[in-house]
Protein chains: 2
Amino acid sequence: MATIKDIAKLAGVSITTVSRALNNHSDVNRDTYKKIAKIARQLGYQPNSSARSLVLKKTNTIGLVVSNLTTRSGHHFLFDIICGVNEQASLRHYDVFLIGTNTRQQEEVQYKELCRRRSFDGVILAGLKINDPYIDQAVQAGVPTVLLGVPAPSDSVGSVISDDVGGSMSAIQHLIDYGHRHILFINGHQEAAVSQFRLEGYKKALEKNGLPYDEGKVAHANFEIEGGGEAFAALIAKNPNATAVFCASDLMAYGMLGKASELGYKVPDDISVVGFDGIEITEIMKPQLTTIDQDRFQIGTSAVNMLLEMMDGTPGYTRVMASKLIIRDSTKMLVPD
Amino acid sequence: MATIKDIAKLAGVSITTVSRALNNHSDVNRDTYKKIAKIARQLGYQPNSSARSLVLKKTNTIGLVVSNLTTRSGHHFLFDIICGVNEQASLRHYDVFLIGTNTRQQEEVQYKELCRRRSFDGVILAGLKINDPYIDQAVQAGVPTVLLGVPAPSDSVGSVISDDVGGSMSAIQHLIDYGHRHILFINGHQEAAVSQFRLEGYKKALEKNGLPYDEGKVAHANFEIEGGGEAFAALIAKNPNATAVFCASDLMAYGMLGKASELGYKVPDDISVVGFDGIEITEIMKPQLTTIDQDRFQIGTSAVNMLLEMMDGTPGYTRVMASKLIIRDSTKMLVPD
DNA sequence: CTGAAAGCGCTAACAT
DNA sequence: ATGTTAGCGCTTTCAG
C-alpha cells in the first residue's frame, strides 16, 4: 500500500511536496510534478481516504438512508431513485452509503448519531412516513439533508417531491374530460405525505369542475397490490354507479384491476382506471395503464444536486418535480346513453 | 462534535482510559467506566470512523459494486440482492458503499484502485459479464471479493451462484413430464455466465430423456422483454411444431407471451412457457408464470457471510444456491391426440 | 488500573 | 519552489 511517504522517498522530495503535487497545487515545479506523478502512477498510489477525511473534515460521502428498504414492492419505485442518486453522486465525485432503516430502528438510533457514525457530508432520506422520527431529527441535526417525498419542514433541510397535487388533478381532469362523473379514489395510507397531496388534488379537480366531493368514494390502502383489490371491492359495493377509479399507485391499480375482473367488470369498457407512478410494468401489463408518471431517476439526481448546493451553504428548499399524465388503454371516453 | 479528548477532560482521566473504556477493555475500573460511559452518552459521542480506520487499518466497510446498475429492468433482479446485502452487512456491523460501474468504466479504472480509494475491507461484485475486466483483476487484487452469478475463477475470490444447470434441468424435465417433446429455448446473451449453465441444463435434460439436441431450437436474447418477443418470432417460424418454450428470464417470457398472443398462440393451450428468476410480477401478471425461482435476497445475505469468512482468512469458494421450480398457469399437460 | 508518548497517512500554516 | 512542523481523533505499546 503505497503512501506519499514512499513516493517522497523515491522522488527525493518531502511528503509536503508530494501532497501538493498530487493535489495539483500551482506552486510545484513542473519537473518535480512530473517525476512525482510518474512514480505515483507506477506505484498505483491511491490516497488513503480515512487519513484525508480526518484532516479535511470531509468524507466525500453521502448517506442514502432508505426507510422500509425491504418492502416487498419497493423496487418498482426505489430502484430508479437509488440509481439516480448513485449516478449523480458519482459524477460529482461523491460515494454513497446505502443504509436501510425503518420506524422502529429510527426510534432506537438517533439521526444525528447515524450521521456521525460515518461522518456523512450530507444525507438523502427516502421512504419516510409522515410521523417518522427522522423528519424532526433531521431539522435539529445540522447535517445537510434532503428529504424525498416529504416537503421540507424547515429550511435547514431540503426536499424533492413530485407534483402530487397537480398529478392528481390532471388524472381526475382526464377522467372528467372523458365524461366520467362518479370517480372513486383509492388513496395510499395516511402515513404517507403524498397521500395528503393526492387527496388534495382529487378534491381540487372535482371542485374546479363543479362536482361534489363525497367521502364515501375515497378509500385508503397500503400502496400495494392487495390493498388496491380490497379497497375497490369495498368502494364499488357502496358506489355501484361509479365509472372510473383513480389509484394512488400503479400497483394498487393492478390489484384493483384483478378484483374488477373477478367481479365481472371490464376495463376500460365498464370502468376506467388511472394509476400513479408510471412504473415500468404499466407498459408491459395488459391493459397498459393510464397513469401519472414521475421521473424517479431525476428525483434521485436532483436530490444529489440540491444536497451539494446545501453543503455549499444554500439553505434548503422544496423542489417540486413535474408529473405527467400518460394516457394508455385503461381509460375510455364515456359514451352518453 | 465530541471527541474522546472532551470526554477525558470532563471525566478527569486520560484519553487512553477513555478509549479503553469505550472499547470495553477489561482493565478499566468499574466506576471510571461508568463515569466515562455516562459522559459519552450525554455528549452523544460517536467515534470518528476516519480516525479509527486510519489507525486500525480497517474501515468496516464493504463495497457493493454493481455493473450496469442502471439497466432498465435491473430492479426486478438486483433490488432484492441489494436488500439482502444491506441487511446482512448491517447485522454484522458493516456499512455498504453502493458503486455503479459498467464495462467501459472497468476499462478506465482498475479494480484495485477502486478498492483502495475507499479502502474496502471486502467487495461484492454483481452484474458482471463474462469478459468484464474486473473478474480477472479481482483475482490479482488481493482484496477479499465475492462474485455474484459468476463461478469463482480462483480461490482468492469467492462466488455465490444459483443452481442454473439444475434449474434449467428441472424446467425442461417438467415440460417433458407434461408430454412436450419440441421445446424451444430462449437463452440470455452469451456474455452472461448463467447463459452457459442454463444451456448446459437444457442439453442435459434432453439427453437424460433421450431427446435430441437441436441448435435450431435455441436463440439468444438480452434477458429483457423485447428480446423475448423477437426471439420467439424467429424460433417459432423455424419450428412450427414446438409446443413449449423455456425462457432464461421471466421478462423474456413475458415478451414472448406478448408476441405469442400477437401471432395467435394461446398460452398454455397452444404453447407452454417456463421462465427463470421468479421475479415478483410472475405472481401478478396473467397468466401467472411457471418459473425457476431464485432466492435473491438470500444470495445477498450469503455473499456477505462468505465475504466476512474470507476476511477472516477462509479461502474463497463457490456456493451454489438452490433454485426451485414453481408450477403455475403457463404450462399445461400435453394431451396426446 | 491508568497515563505518556508514538504514530496511522494526510494537509496546511509557516518558514526559507 | 520546497521543507519543517504540527495536528486531525484514535489505538496501542510501554511504564508505572
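To find a chain, count down the sequence lines: A is the first, B the second, and so on, and within it residues start at 1. Computed over heavy atoms, backbone and side chain alike; hydrogens, waters and symmetry mates excluded.
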Review point. So, do I161(A) and T318(A) sit near enough that their side-chain heavy atoms are less than 4.5 Å apart?
Key: yes
The answer to which of L56(B) and T17(B) contacts DNA chain C further toward the 5' end, by nearest nucleotide, is T17(B)
N23(B) CG to dG9(D) P, in whole Å, measures 17 Å
Testing dT11(D), dT11(C), dC14(C) for proximity to the side chain of R20(A), the answer is dC14(C)
Between NZ of K5(B) and P of dA4(C) the distance, given in whole Å, is 13 Å
Quiz prompt | Under-4.0 Å side-chain N/O to phosphate OP1/OP2 contact, T32(A) with dA1(D) | solution = no
Checklist line | Pairwise side-chain contact, S162(A) with I299(A), heavy-atom cut-off 4.5 Å (strictly under) | finding: yes
To the nearest angstrom, the CG-C1' distance between L22(A) and dC10(C) comes to 11 Å
Does this structure show an ion pair linking R104(A) with E108(A), if we count only N-O contacts that are shorter than 4.0 Å? yes
Among dT2(C), dA1(D), dC10(D), the one nearest any side-chain atom of D27(A) is dA1(D)
In whole angstroms, the gap separating P of dG3(C) from CD1 of I15(B) amounts to 11 Å
Rounded to whole Å, NE2 of H25(A) lies from P of dA1(D) at a distance of 14 Å
From CD1 of I36(A) across to C1' of dT2(D) the rounded distance in Å is 10 Å
| query | With a 4.0 Å cut-off on heavy atoms, is S53(A) in touch with a base, just the backbone sugar-phosphate, or nothing at all? | reply | nothing
To the nearest angstrom, the NZ-P distance between K57(B) and dC10(D) comes to 17 Å
Is it the case that the base of dA12(C) and the side chain of S19(A) share a donor-acceptor contact (distance under 3.5 Å, atom types as modelled)? no
Result for 5'-nearest mapping on DNA chain C, choosing between V28(B) and S50(A), is V28(B)
Quiz question: going by heavy-atom distance under 3.5 Å, is there a donor-acceptor pair between the base of dA12(C) and the side chain of T16(A)? yes
Per atom distances to the S14(A) side chain, the nearest of dC10(D), dC8(D), dG3(D) is dG3(D)
**Message:** Between D136(A) and Y111(A), is the side chain to side chain contact (heavy atoms under 4.5 Å, CB included) condition met? List the steps.
**Reply:** CA-CA 9 Å; D136(A) 286 338; Y111(A) 181 66; over 6 Å; no
When rounded to whole Å, the CG to C1' distance for the pair N60(B) and dT11(D) reads 15 Å
Original post:
Distance check: side-chain N/O of Y45(B) vs OP1/OP2 of dC10(D), anything under 4.0 Å?
Top reply: yes
Is there side-chain contact between T59(B) and R118(B), with heavy atoms separated by less than 4.5 Å? no
Check your understanding: Can you check whether K58(A) has a side-chain N or O nearer than 4.0 Å to OP1 or OP2 of dC8(D)?
Key -> no
